[in-house]
Amino acid sequence: MTIRGILFDAAGVFYRRPESTGKYVANLLEKLGLPTELAAEDLARHKALRSQTNKGHLSPDEYWDQRLRMHGVAAAEERRTLVGRINDYSDQVVPIPGGREALVGLKQRGFVLGIVTDTIYPLERKMRWLDHVGVAEFIDLVACSTVVGAHKPDPAIYLDALQQAHLTPDQSAFVGHDTEELDGARMAGIATVAVNYDPDARADYYVASLVDLLNVPIFRKAHT
């Protein structure tokens, strides 16, 4: 296996929030005495809504407004206030240890480094988060769901990143934590490395921390 490029997920790999955005929203709803779980009839609708927003077809404000409606927030002004608080909270990213050190080492070894990310927010905002946690300067390319119009685990978003990097799947690896997203990379023919991973994650390699990426056999040296 001759790896030349490494693609990374962003959230859950390089940064996290003090609590998940979902938990933050649930706490807001609980304080209002509203249900924190969606009704059964709204689950499929919400899944489609989230998918459309990840693809860039709806704005974040439109997504959260509709989501809050599903939870019973009836007053438009109250929804606007809550949407503002949720959007502000989304900017509260905290670095996961070892990200900068790992990317410095991998860049020194000659790897092309990229991000494959699902988000409801514009690419510029995602890059601000990556800059805040100290890794943006090492990133050569980004495949962002709101730009590509596809989201993980659809192989299309991984292949968009490879096209930007001028690499083939067998020259590439994906570092992620989410089981479905690792599966998506595998479907695209890309080697997989799991970090901070879900209990049922399936990958070619597993590491305990970001710094441990420097010890993965296929990352010892970039093949040019």
Side-chain angles (χ1 to χ4, degrees), residues 5-17 20-22 24-25 43-67 70 83 86-93 96 99 103 112-133 135-136 138-167 169 172-198 201 203:
I6 307 172
L7 308 176
F8 296 85
D9 189 12
V13 172
F14 290 123
Y15 64 80
R16 58 178 178 81
R17 294 179 176 87
S20 71
T21 304
Y24 177 78
V25 172
L43 291 175
R45 181 182 163 212
H46 173 257
K47 183 177 181 180
L49 181 69
R50 182 77 187 200
S51 178
Q52 290 301 301
T53 311
N54 276 336
K55 292 177 182 178
H57 299 160
L58 292 173
S59 73
D61 285 4
E62 290 171 322
Y63 166 77
W64 286 118
D65 183 79
Q66 292 191 45
R67 168 80 178 270
M70 292 181 196
V83 168
I86 295 166
N87 281 331
D88 288 345
Y89 182 74
S90 295
D91 288 328
Q92 296 184 32
V93 295
I96 293 175
L103 292 195
V112 175
L113 304 178
I115 296 287
V116 178
T117 183
D118 290 348
T119 183
I120 66 173
Y121 293 103
L123 173 58
E124 295 77 15
R125 191 165 181 179
K126 175 71 73 165
M127 293 309 297
R128 288 201 302 270
W129 298 342
L130 292 170
D131 183 60
H132 179 75
V133 300
V135 300
F138 305 107
I139 301 302
D140 300 302
L141 61 106
V142 180
C144 179
S145 65
T146 51
V147 176
V148 177
H151 60 80
K152 296 172 285 185
D154 186 342
I157 192 167
Y158 307 88
L159 296 176
D160 179 89
L162 297 188
Q163 185 176 34
Q164 292 184 55
H166 304 291
L167 296 174
S172 311
F174 174 73
V175 178
H177 69 99
D178 181 87
T179 299
E180 287 190 357
E181 296 181 2
L182 288 162
D183 288 346
R186 187 180 299 104
M187 286 190 293
I190 300 169
T192 52
V193 181
V195 63
N196 309 324
Y197 46 87
D198 295 343

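From Ile120, atom CD1 reaches atom CZ of Arg50 across 5.0 Å, with rounding to the nearest 0.5 Å. Note that CG of Asp198 and OG1 of Thr179 are 4.0 Å apart. Values are rounded to the nearest 0.5 Å. Between Trp64 atom CH2 and Leu58 atom CG the span is 13.0 Å, to the nearest 0.5 Å. Distance CZ/Phe14 to CD1/Ile115: 5.0 Å, rounded to 0.5 Å. Distance check: Gln66 CD to Thr53 OG1 gives 7.5 Å after rounding to the nearest 0.5 Å.
A side-chain donor-acceptor contact under 3.5 Å links Tyr121 and Asn87.
Using a 4.5 Å cut-off on side-chain heavy atoms (C-beta onward), Ser145 and Thr117 make no contact. The side-chain heavy atoms of Leu103 and Leu113, taken from C-beta on, include a pair separated by under 4.5 Å.
Taking the six-membered ring where the residue is Trp, Tyr89 and Tyr24 present parallel rings, their angle staying beneath 30° rather than reaching 60°. Using a 30° and 60° split on the angle between ring planes, Phe174 and Tyr158 fall in the perpendicular class, above 60°.
Each salt bridge (Lys or Arg N to Asp or Glu O under 4.0 Å) pair with one or both residues in residues 120-130, not counting sequence neighbours, appears once here: Asp91-Arg125. For residues 139-149, the pairs satisfying salt bridge (Lys or Arg N to Asp or Glu O under 4.0 Å) are Lys107-Asp140, with sequence neighbours left out. Sorted by first and then second residue, the salt bridge (Lys or Arg N to Asp or Glu O under 4.0 Å) pairs with a member in residues 187-196 form an empty list; sequence neighbours excluded. Within the structure, every pair that satisfies the salt bridge (Lys or Arg N to Asp or Glu O under 4.0 Å) test and touches residues 142-162, not counting sequence neighbours, is listed here: Asp9-Lys152, Lys152-Glu181.
Considering only residues two or more places apart in sequence or on other chains, Val147 meets the side-chain contact (heavy atoms from CB on, under 4.5 Å) condition with Leu123, Cys144. Every residue two or more places apart in sequence or in another chain that forms a side chain to side chain donor-acceptor pair (under 3.5 Å) with Gln52 is listed here: His57.
A side chain to side chain contact (heavy atoms under 4.5 Å, CB included) with Ser172 holds for exactly one of Ile6, Leu159, Val112, Ile190; it is Ile190.
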